[in-house]
Protein chains: 2
Amino acid sequence: MTPHENEHLTIQQAAEKTGLSVHTLRYYERIGLLQPVGRAANGHRRFAPEDVRRIEFLNKLRATGMPIRQMCEFAALMYQGDESIAERLRLLKAHQEVVNQYIEDLQKNLAVIAYKVNLYTQLLEDEHAKTHIG
Amino acid sequence: MTPHENEHLTIQQAAEKTGLSVHTLRYYERIGLLQPVGRAANGHRRFAPEDVRRIEFLNKLRATGMPIRQMCEFAALMYQGDESIAERLRLLKAHQEVVNQYIEDLQKNLAVIAYKVNLYTQLLEDEHAKTHIG
DNA sequence: GCTTGACTTAGAGCGCACTCTAAGTTGTAG
DNA sequence: CTACAACTTAGAGTGCGCTCTAAGTCAAGC
């Protein structure tokens, strides 16, 4: 009997908790992003709290645009335990830089869009003014 | 004879100037994102400075994650001229909000990653300290 | 005993945004 | 005259990240 077996989630529950679909959870396991999770006697998956926590962190990587390939690398390191912390740190720091650069680029491009928004706003105001004078 | 014909660019030159590939430029025209550009006597495309400027702005939308469908909407409005400015303004403002929200989300997710980076850094420092003591 | 529903698998399909291919035309340089 | 480079088209192919389907198993409730 596994300790805390009651805290284990079905795939449905894990999907709800992580915001992924059951399809995606199975897909992630298939491609090796997740190591095979535990199974109940009937062969159904049971997600341990640990599994859920891992998925939730992987979601942060995903949400910041990390490609799945790289997530697989990171996940593999997670499963290796403490000896891989230095390498994990390296990956995360590299990713931080990529995302920060990306945000910077977004903001630069947004500035051009803001410029155009101002231009359009001005044009509309002038238009409006003309109507009031004419 | 078109005025300033010399300022017109071949597809190759337009590609270089806009950072898109010639394939992509033709693709954009095919799907209606770009209205058909002018042609030389031999049927080759000639990009007017105006065309290039339009593409450059569309690139800003692209770079901020706007889907091509929406870019098509915006481009169509651009081709309509001044009557469409109010609608264009509406679209751009909506897009600004989407992107700002997206950046905010990115930063929230980055914060979680940063937390883990600190955690790992601490773990490594402790490890290192132990080595020095032991 | 039968239906219902949650699960299982392998594998097909999808939407997006390109990206490339094949076959053909045209213009210039040697 | 020939070779080559730049262009043209329609349409096929690619990579990513899912998303869905079909066929089957299993346990619980009527």
Side-chain angles (χ1 to χ4, degrees), chain A residues 5-6 8-48 51-52 55 58-75 95 98-99 102 105 109, chain B residues 5-6 8-48 51-52 55 58-75 95 98-99 102 105 109:
Chain A
E5 202 168 69
N6 49 321
H8 283 54
L9 304 181
T10 67
I11 194 166
Q12 189 70 63
Q13 293 165 329
E16 273 156 29
K17 194 142 193 191
T18 60
L20 300 173
S21 72
V22 297
H23 294 298
T24 302
L25 283 173
R26 283 195 279 250
Y27 164 69
Y28 278 1
E29 189 177 322
R30 242 192 311 178
I31 63 171
L33 176 54
L34 272 41
Q35 272 194 355
V37 305
R39 299 286 178 137
N42 58 9
H44 292 191
R45 287 176 183 79
R46 288 293 176 265
F47 288 78
D51 294 321
V52 173
I55 294 165
L58 289 174
N59 273 345
K60 305 300 176 192
L61 299 182
R62 199 71 210 85
T64 47
M66 184 183 283
I68 283 197
R69 291 240 185 116
Q70 218 170 318
M71 286 170 64
C72 287
E73 271 182 65
F74 186 83
H95 182 58
V98 168
V99 181
Y102 177 55
D105 291 349
N109 290 314
Chain B
E5 202 169 70
N6 48 321
H8 283 55
L9 304 182
T10 66
I11 195 166
Q12 190 69 62
Q13 292 166 329
E16 273 156 31
K17 194 143 193 190
T18 60
L20 300 173
S21 72
V22 297
H23 293 299
T24 301
L25 283 173
R26 283 193 280 251
Y27 164 70
Y28 277 2
E29 188 177 323
R30 243 193 309 180
I31 63 172
L33 177 54
L34 272 40
Q35 272 193 354
V37 305
R39 298 289 177 135
N42 58 8
H44 292 191
R45 287 174 182 80
R46 288 295 175 265
F47 288 78
D51 294 320
V52 174
I55 294 165
L58 289 175
N59 273 345
K60 304 300 176 193
L61 299 182
R62 199 70 211 86
T64 49
M66 183 182 283
I68 281 198
R69 291 243 183 114
Q70 217 170 319
M71 287 171 65
C72 287
E73 270 183 66
F74 185 83
H95 183 58
V98 168
V99 180
Y102 176 54
D105 291 349
N109 289 314

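Atoms considered below: every heavy atom in the structure, side chains included; atoms not considered: hydrogens, waters and symmetry mates. Letters A, B, ... mirror the listed sequences (proteins, then strands); counts begin at 1.
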Original post:
What closest approach, in Å, do A/S21 and A/A15 show between heavy atoms, and which atom pair accounts for it?
Top reply: C-CB, 4.0 Å
Original post:
Can you check the A/H23 NE2 to C/dT8 C1' distance for me, whole Å?
Top reply: 12 Å
**OP:** Report the distance from atom CD of B/E29 to atom CZ of B/R45, rounding to the nearest 0.5 Å.
**Re:** 4.5 Å
**OP:** Locate the shortest heavy-atom distance separating B/Y28 from B/L20; write the atom from each residue and the value.
**Re:** CE2-CD1, 3.7 Å
Original post:
Is any side-chain nitrogen or oxygen of A/Y27 closer than 4.0 Å to OP1 or OP2 of D/dC20?
Top reply: no
Subject >> A/I55 vs A/L34 side-chain heavy atoms within contact, under 4.5 Å >> reply: yes
Original post:
Between OG1 of A/T64 and OH of A/Y102, what distance do you get to the nearest 0.5 Å?
Top reply: 11.0 Å
**OP:** Verify side-chain contact (heavy atoms from CB on, under 4.5 Å) between B/L25 and B/V37, making sure each step is shown before the conclusion.
**Re:** CA-CA 10 Å; B/L25 283 173; B/V37 305; over 6 Å; no
**OP:** Kindly give the heavy-atom pair with the smallest separation between A/Q13 and A/H8, and that separation in Å.
**Re:** OE1-O, 4.2 Å
Subject >> Non-hydrogen side-chain atoms of A/T10 and A/R46 separated by less than 4.5 Å >> reply: yes
Original post:
Is the shortest side-chain N/O distance from A/Y28 to OP1 or OP2 of D/dG17 below 4.0 Å?
Top reply: no
Subject >> Where protein sits on nucleotides 3-13 of chain D, one letter per nucleotide: B base, S sugar-phosphate only, - none, heavy atoms under 4.0 Å >> reply: ----SBB-B--
**OP:** Look up atom CD1 in A/I31 and atom CE in A/M71, then write down how far apart they are to the nearest 0.5 Å.
**Re:** 8.0 Å
Original post:
Rounded to the nearest 0.5 Å, what separation is found between the OG1 atom of A/T24 and the CG atom of A/N59?
Top reply: 10.0 Å
Enumerate the protein-to-nucleotides 1-4 of chain C contacts in which both atoms are nitrogen or oxygen and the separation is below 3.5 Å.
none

**OP:** Decide if atom CZ of A/R39 counts as having more than 12 heavy atoms of other residues, nucleotides or ligands within a radius under 6.0 Å.
**Re:** yes
Subject >> Euclidean distance, atom CG of residue B/L58 to atom P of C/dA17 [Å, nearest integer] >> reply: 13 Å
Original post:
Contacts to DNA chain C from residues 61-70 of chain A, heavy-atom cutoff under 4.0 Å, which residues?
Top reply: none
**OP:** Measure from CG on A/L25 to P on C/dA6 and round the result to the nearest Å.
**Re:** 16 Å
